[in-house]
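We use all heavy atoms of the structure for the numbers below, so side chains are in, but hydrogens, waters and symmetry mates are not.
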Amino acid sequence: MNTLVKKYRFSLIIGIIALALLSVSQFSKLTINPSFDDYIPTNVGNRAYLNQLDSIFGGSEKIMLILTKDSNIINQQTYDRMVRLSEELQKLDGVENCLSLIDVIDIKLEDGITELAPIIDKIPTEPKALKELKQKIRSNKIGQRFVASDFSATAIIITKSNESEDGVLIPAIQEVIEQTPGQEKIYIGGLSYIRHAIKSYIKKDLFTLLPAALILMVFMLYFSFREWKGVLLPFAIVILSILFSFGFMALMGWEISLISVLLPIMLIAIANDYSIHLINAYQEKLAVSPQLSMKAIAAEIYRELRKPIVITALTTIGGMLGLLSHQMKPAAQLGVLASVGIGLALLMSLFLVPVLLTFYQKPNTIPAENKKPLLIDKILNRFAFWVTSYPKSVIASFLGIALISTAGLFLLKVDTNVESYFIGKSDIRQGIELVNEKFGGSQYISLLFEGDVLSPETLTRLENYTKQIEQLPEAGHVISPSTFFKELSKGMYTPEEVGYLALPASKAEAEQSLEIFTMGGYEDQIAQFIDYNYEHTRILVSLNDGSNQAGKLLLKSLHQITQNDPQLVCIAGPGLSKIQIADMVIEGQVASLLLALAIIFVLLSIIFKSFAAGAKGSLPLVVSTLYLFGMMGFVNIHLDIVTALLSSIMIGVGIDYTIHFLWRYKTEYAVSHNSKIAITQTLKTTGKGIVFNAFSVIVGFSALIFSSFAPLRFFGLLVVISIFSCLISALLLIPALITITKPKFLESNVN
């Protein structure tokens, strides 16, 4: 350190600045990817089935425009606007088809001739005629899909092509809406629109959460150290680590996802930990040995803290690398990026912070009352009294909390529904609610069948399936080939004939019906359900509730209804991807938790050369994990793609407090040979650094309460709770265990 300070301190600073500029130069390569389907391997499960569906029927995703009005939605102005909207939307690149109430066909047999006409060509002004029109729409199975049962809203349903990009198509749709004004309020629903909104919200979060977290960190650091060098040095480390991590992300070609929003917040909360301990040690040295020069103090704090800081950084990185066990790519990438940022923060803290300290002049006065907050002293002294006087009671309290928390684990649920990510009464939230409540949802599931799909036997079986599915509480609209054929029968038979509202009696009759419908110009509607070769068909079912629970119940029922059907190829849909992601969340959560704990156990055992150290040092993490997930179960906070990252982050960060305590205790015991004195002295000295460290993490993550996403807000709250739990465990549970067990790995090698 002396050589670095004397000869190379300017070279070090210049080199770091150059590396920072190089990282910033890579930022232009960064892109945002809001798609959750990309979390799933392309050749596995629902995503593979979706690719098969799309190859047969084209796009599977629907975008819904919901037109609402205070008065009756069936009026001439709304109808005219709907016509204009449909015409313009159909012209857009990326729109396979655009269907609305104006496309619903009224089919009838007049004088032996099949007539196909729109169910609406004009809106009647007479109340009686208007009532009859509404009844006609209500009795038409296809028409029901486009109008709310109370006629308060109507829908335009767009099928998005597979090649179209959300960022191009959604703004184009919004532009069409703006250029087609009217009195109706229009909401947009569908996964494509949700993804587009998520992308804009990610940008918003990155530009709001980062400054908020930095401001909170500045206040916390100044309150803790009461001098600006205690603010500026950790601040510099954090900014540099963020720049380096995002530069590395760009270099690797990785995309920014919802999970990636956590990266800068994590680094703000964690990357300053090591410099905080150095600043705390600097102030301690200055108060005890005011005669030392700044260069001497820099060398001393480097010598005394380099080992515990390296150890805590390695354990934190170990916890973060537990995320590599996730099948979700963004989660694994976050583990790598956070590890890179933390590793660079470690190096800069060890070398850059002491070097920068040497540029400061030593303060003339060191008022102890300003440097050591009285409240913290009182709390830590009280902790020392409790753990040395009543260690068994302290341990029993922790075990009791852990036991109660275990019951909450059985209440913990997993929900990866993106519809629940939006907060309050924003337009997107209201659009989601309207689509689900009045139009049976925008997330569709397809039951794909192949073979002789126009045979009477197949169509009859599909009709039976349709009737059973319509009775399921989770099913919204159900559209199947039998729905179309029954409507088409109106054009071939009179109401008095047997074939009216019946399925075709033969394959030839089915083909004839389809030809009539195609000749009428409505082949796009048929193509959604039956392919051109008549080899594949599907039943479309919408989810009226986008939650995982509803999706799982519906999927289970669909499998039971179609059990042993030899023609069933698969059951798939964009709305089912979340269920596959949920399974990945559970597997990733368990795997990352076990991997992180294993890494921490091994590192602690190596550091202190004792398996007992690994076991006892890991105990606070186990207790905190039980408490965290138990509490989530009790208060009904779900595991999702964001909260599934909690355990690795909590373990990686929380273990630092235990290591700093154990390291200082071993030093103090070597001096006093008395565990009570060593615990008390450790809490008075390193205890302050641990508290400052923990509160820097808590303050950093608390910025997430300003996020646009519900999962990130919950994540911020849960991190605060989990880190506080780890802090209390390190300051109470660990010293209480030491008091009772007097571990040899801490009291050995003492003269």
Answer whether the closest heavy-atom distance between the side chains of [X] and [Y] falls below 4.5 Å.
X: L210; Y: L206; answer: no
X: V697; Y: F724; answer: no
X: I401; Y: V623; answer: no
X: F225; Y: F692; answer: yes
X: V394; Y: P391; answer: no
X: I679; Y: Y665; answer: yes
X: T312; Y: D273; answer: no
X: F695; Y: L727; answer: yes

Does [Y] offer a backbone N or O that forms a donor-acceptor pair with the side chain of [X] under 3.5 Å?
X: S707; Y: L704; answer: no
X: S245; Y: I242; answer: no
X: R306; Y: R303; answer: yes
X: K609; Y: S605; answer: no
X: D205; Y: S708; answer: yes
X: T686; Y: H660; answer: no
X: S289; Y: L292; answer: no
X: S241; Y: V238; answer: yes
X: N381; Y: D377; answer: yes
X: S25; Y: L22; answer: yes

Report the C-alpha separation of L593 and I651 in whole Å, then their side-chain angles, then the decisive distance to 0.1 Å, and conclude whether the side chain to side chain contact (heavy atoms under 4.5 Å, CB included) test is met.
CA-CA 8 Å; L593 176 61; I651 289 171; 3.4 Å; yes
Mind running side-chain hydrogen bond (donor to acceptor under 3.5 Å, both in side chains) on Q26 and K29 for me, showing each step along the way?
CA-CA 6 Å; Q26 300 296 309; K29 300 177 182 178; 2.8 Å; yes
Approximate separation, where rounding is to 0.5 Å, of [X] [atom1] and [Y] [atom2]:
X: L314; Y: I342; atom1: CG; atom2: CD1; result: 11.0 Å
X: S696; Y: I276; atom1: OG; atom2: CD1; result: 3.5 Å
X: L324; Y: L595; atom1: CG; atom2: CG; result: 7.5 Å
X: I14; Y: L19; atom1: CD1; atom2: CG; result: 14.0 Å
X: S23; Y: F248; atom1: OG; atom2: CZ; result: 10.5 Å
X: Y274; Y: L350; atom1: OH; atom2: CG; result: 10.0 Å

Decide yes or no on side chain to side chain contact (heavy atoms under 4.5 Å, CB included) for V719 and I698, but give the supporting numbers first.
CA-CA 7 Å; V719 167; I698 288 172; over 6 Å; no
Under a plain distance cut-off of 3.5 Å, with no hydrogens placed, do [Y] and [X] share a side-chain donor-acceptor pair?
X: S722; Y: S725; value: no
X: K616; Y: S610; value: no
X: E227; Y: Q283; value: yes
X: T643; Y: D640; value: yes
X: K676; Y: T739; value: no

Charged tip of R226 within 45° of F223 ring normal and under 6.0 Å
yes
Flag if over 12 foreign heavy atoms under 6.0 Å of [atom1], [X]:
X: F219; atom1: CZ; value: no
X: F359; atom1: CZ; value: yes
X: K742; atom1: NZ; value: yes
X: Q291; atom1: CD; value: yes

Checking side chain to side chain contact (heavy atoms under 4.5 Å, CB included) for the pair L718/F701: CA distance, chi angles, key distance, verdict?
CA-CA 9 Å; L718 294 170; F701 277 106; over 6 Å; no
What closest approach, in Å, do [X] and [Y] show between heavy atoms, and which atom pair accounts for it?
X: L712; Y: V642; value: CD2-CG1, 3.7 Å
X: I705; Y: R713; value: O-NE, 3.3 Å
X: M217; Y: I268; value: SD-O, 3.8 Å
X: L621; Y: G654; value: CD2-C, 4.0 Å
X: Y360; Y: L356; value: CD1-O, 3.3 Å
X: S624; Y: C726; value: OG-N, 3.5 Å

Take the angle between the ring planes of F611 and F601 and call it parallel below 30°, perpendicular above 60°, tilted in between.
parallel
Is K285 salt-bridged to E304, going by a charged N under 4.0 Å from an acidic O?
yes
Evaluate the criterion side chain to side chain contact (heavy atoms under 4.5 Å, CB included) for residue pair I256 and M249; output intermediate values, then yes/no.
CA-CA 9 Å; I256 297 174; M249 178 190 286; 3.7 Å; yes
Paired with L267, the side-chain contact (heavy atoms from CB on, under 4.5 Å) test is passed by just one of I265, L263, I270, namely L263
